[in-house]
Protein chains: 2
Amino acid sequence: MVAAAAGVSRATVSRVVNASPRVTESVVAAVNDAIARLNYVPNRAARSLASRRTQVIALVVPETTAKLFSDPFFASVIQGIAMALADTDFTLNMLISSETRSEKTRRYLLGGNVDGAIVVSHHSGDHSYAQLGQSLPIVFGGRPLLASESGSYFVDVDNAAGAAVATEHLASRGSRHIATIAGPQDMPPGLDRLAGWRHALALRGLDDSLWEVGDFTPESGAEAMRRLLARGRPIDGLFAANDQMAAGAYSVIHEHGLSIPGDIRVAGFDNNYFGSTAVPALTTIDQPSAELGAKMAEVLVKLIERQSVERVTLMSTRLVERASTAP
Amino acid sequence: MVAAAAGVSRATVSRVVNASPRVTESVVAAVNDAIARLNYVPNRAARSLASRRTQVIALVVPETTAKLFSDPFFASVIQGIAMALADTDFTLNMLISSETRSEKTRRYLLGGNVDGAIVVSHHSGDHSYAQLGQSLPIVFGGRPLLASESGSYFVDVDNAAGAAVATEHLASRGSRHIATIAGPQDMPPGLDRLAGWRHALALRGLDDSLWEVGDFTPESGAEAMRRLLARGRPIDGLFAANDQMAAGAYSVIHEHGLSIPGDIRVAGFDNNYFGSTAVPALTTIDQPSAELGAKMAEVLVKLIERQSVERVTLMSTRLVERASTAP
DNA sequence: GTGAAAGCGCTAACAG
DNA sequence: CTGTTAGCGCTTTCAC
């Protein structure tokens, strides 16, 4: 180790690099100076081999969700993770784990190649990696679908609260027959946003039977809207569980010669450009996606460093009012 | 190394793991069996320390492009990289490198922490990391802006050809006064798409003075369209250098009481949902984004393994015809 | 507070 | 073809 040419031993240099408290100040300065001068960069491999810590965090992305990236929300979450980690000594290792290789992923994770993992999936309820949580620090994006897996650490957005806010907003603007296009009922966001809609209607004493299920795609939103209108009952408000489905619903509403917000006020959830570029611009619920990712990274790092952390972190949402719910 | 309990030496196990050709078949079988039985996973750190190869590839993302992820094109490129790498033993390490830390990134890359790097940026012409190419295998996404940096390896989409195809398509549908909203003229895609538009018009002997520059955002597209219309000259065709700007132009065209494609046929570039969700749906040029990423990974891996590769790889585009250019 | 010595788990010559 | 012998560059007891 050349830096030892700073007049000290390799061990001391190591201490300085690792910010050990028990090193004389003058020595620290001398070593740091030498490090800068020699352009020294510690070798990660050697370091982890000796310390038995890898400084690597895995980002597990179930491949069935190859579309993951095409969803701006997740892209943003991942960005948040990357940004948060950039301030630490941890490195991000993306694992696209297809179903056929999930066993391989599992072994890789347990093989001492990473210090912890972040699991992000469209099927965020899928905590099938939850069991690993006992052998390796893991943080999930999204609450588990099953209560039985509630032992895991996770960061989630408060879906129910957000949905309730959007619904109440529609009501406050005057809508009385508020329908919803819910997400898949086997995914927590699908369930929770429907529950939030119900909750808000209950508080107002409004009817909560006007709901159809979609799969978060624009097409499914259009179909669901078609089914809702086919019921022949009055509808003057719509809460779509995401902006994509709201966009799909838009086209059907227009097809039927109805206007937004004139005949039907519409609110979505996610705040992405499906909503912002729609005409009229869509009122929606904004999720702090990058912050969510950053929080996941933060929780994981604490977990790895054995600091105490909450098992559950819920991030709050924000209503973004736009033309689609004008009074 | 427990697997040595398969009756052979550590060295032999190593050979089997690394698929060395000179090992007796029966021995290979025995070792593999033991590996499976003992659930053995090689330690990456030890491996790279000994072999002096890290099996890590850096994905460098200049942070000035924090919006990088919000662009579906790049998200898809990154996905392609990740997918391609999943089939190899290489691991992806994302580096969000802010300007202030670019020196740190540089040192990290040269510090023996990675075997190679992929640089992806909005300012794809920025090959400021190009110099590193001499000490470390590097592949860039997008051609360099300066010819002087042409020594680097890069994978790019054939922007000029795509733009020409879109423009010729407008002409073939009957447009004779074809304008363009170009991208920034300090970015290769901005330059090349403008050049492609010019080229196509030249072949037809059409006027090529109708152009304005935008910055790839919808807002800039709207402003550019406003300026184009303000010229007071006839326009019956528009090629926007990306779908976002085309979307921006849409609103201005409609504001002016003009119809698409009735009065003006419009074509974009990128094929993302700005175009597919626009009304009428936008004819555009599709880029094989995921394949582009995959190709970058492939080229880099070959470079690392000292196989021969082309310095330049151009991927071809595809015209996606939609309502905005109906005859 | 600092140095010396002993590995971390694996690969890479070099002999056999 | 396979075993032996050395390290890879760093952290970490354990003395001093």
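Remember, predicted model here, so these are calculated numbers, not experimental data. Labels below follow one simple rule: chain letters A, B, ... track the order of the sequence lines, proteins then strands, and each chain is numbered from 1.
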Between CG of B:Asn113 and P of D:dC8 the distance, given in whole Å, is 18 Å
Which nucleotide sits closest to the side chain of B:Asn43: C:dA4, C:dC10, C:dT2? C:dC10
Nearest to the side chain of B:Pro42, heavy atoms from C-beta on, is which of C:dG1, C:dC10, D:dG3? C:dC10
Are A:Thr54 and A:Asp115 linked by a side-chain donor-acceptor pair shorter than 3.5 Å? yes
Identify whether any heavy atom of A:Val17 sits under 4.0 Å from a base atom; if not, whether one sits that close to sugar-phosphate; answer base, sugar-phosphate or nothing. nothing
What's the closest nucleotide to the side chain of A:Thr12 if the choices are D:dC10, C:dT2, C:dC14? C:dT2
Value in whole Å for how far the P atom of D:dC10 lies from CZ of B:Arg44: 20 Å
Is A:Ser14 near enough to D:dC10 that one of its side-chain N or O atoms lies under 4.0 angstrom from OP1 or OP2? no
Does atom CG (B:Asp89) have a neighbourhood of more than 12 heavy atoms from anything else shown, all under 6.0 Å? no
Scan residues 45-58 of chain A against DNA chain C and write down, sorted by residue number, each residue with any heavy atom closer than 4.0 Å; if none is found, say none. A:Leu49, A:Ala50, A:Arg52
Mark yes or no: A:Arg143 above the aromatic ring of A:Phe154, with NZ or CZ under 6.0 Å from the six-membered ring centre and no more than 45 degrees from the axis. no
d(CZ, A:Arg22; C1', D:dT12) in whole Å: 11 Å
Hey, is A:Glu305 close enough to A:Lys302 for a salt bridge, meaning N to O under 4.0 Å? no
Any chance you could measure B:Met296, atom CE, to B:Leu85, atom CG, to the nearest 0.5 Å? 11.0 Å
A:Arg15 side chain: which of D:dC1, C:dG3, D:dG3 is closest? C:dG3
Return the value, rounded to whole Å, for the distance between atom CZ of B:Arg10 and atom C1' of C:dC14. 16 Å
Are A:Asn18 and D:dT11 close enough that a side-chain N or O sits under 4.0 Å from OP1 or OP2? yes
As a test of understanding, state which of A:Asn18, A:Thr12, A:Val31 forms a side chain to side chain contact (heavy atoms under 4.5 Å, CB included) with A:Val23. A:Thr12
How long is the span from the CE atom in A:Met94 to the CD1 atom in A:Ile57, to the nearest 0.5 Å? 14.5 Å
